[in-house]
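The structure appears right after this line, and notes come after that.
Both ligands and their constituent atoms are indexed starting at 1 by order of listing.
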Amino acid sequence: MHFTTAFLAAASIPLSLAAATATPGSAPQPGLYEAIHQRENILAYTLDTKDYARLGESVTNDVVYDSRPLGPDYGGLSVGLKQLTDNVRAAFAGAKVAHHVSNAIIVPHKDGKAANVTTYIVWSRWDAAALHDVKKTFRIYERCDDYFVVDKADGHWKLKYSLVTNLAPKVEQPYFG
Ligand SMILES: *[C@@H]1O[C@H](CO)[C@@H](O)[C@H](O)[C@H]1NC(C)=O
């Protein structure tokens, strides 16, 4: 009898876990940490494919993006989704861009609705017509001190605040300098 009770209790664990992460007929959903990881990756993909109309799926309407520490040739301050979209569109114009998102340290707030996130990003920009101009073709090893929140409107984790600094003394001319 004890065996049966213990067995049933043990057997119910995987069933209840399965129920929490996947409902029949719908895709499994990530937990908080992976949801933020995925959002960071989706944001990078949105930027690299220049799919600017979709930026609002990954950043809040009142986003503050502050990359002024990178210097006036490489960074700036954007307040709000519209200004961020305009500035990013201008910054990437005429170039190929790639954002490689790597180390992410995610510190959730107690309510599970916000998180402090420190992320390293390697940002490469290539202007095929100006491969030797370090203002147009360069690589930056960025540290991003970010604040992510759950947007009540659609339930997505979104970037609300980002402070971007350069891990290196200056930008790099990776191949063409
Ligand atoms: C998040 O970062 C802010 C600003 O640095 C800090 O005041 C706060 O304590 C941090 N929250 C957590 C949960 O680490």
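- Remark: atom 2 (O) of ligand 1 lies closer than 4.0 Å to at least one protein heavy atom.
- No donor-acceptor pair under 3.5 Å is formed between the side chain of His109 and the backbone N or O of Ala114.
- Listed by chain and number, the residues in a salt bridge (charged side-chain N to carboxylate O under 4.0 Å, His left out) with Asp73 are Lys135 (sequence neighbours excluded).
- Protein heavy atoms are found less than 4.0 angstrom from atom 14 (O) of ligand 1.
- Note: Phe92 and Tyr52 have tilted aromatic rings, judged against thresholds of 30 and 60 degrees for the angle between ring planes.
- Atoms of ligand 1 lying under 4.0 Å from at least one heavy atom of Asn116, given by number and element, are 1 (C), 2 (O), 3 (C), 8 (C), 10 (C), 11 (N), 12 (C), 14 (O).
- The neighbour count for Lys50 NZ, taken as heavy atoms of other residues, nucleotides or ligands under 6.0 Å away, is above 12.
- Distance check on atom 11 (N) of ligand 1: some protein heavy atom falls below the 4.0 Å cut-off.
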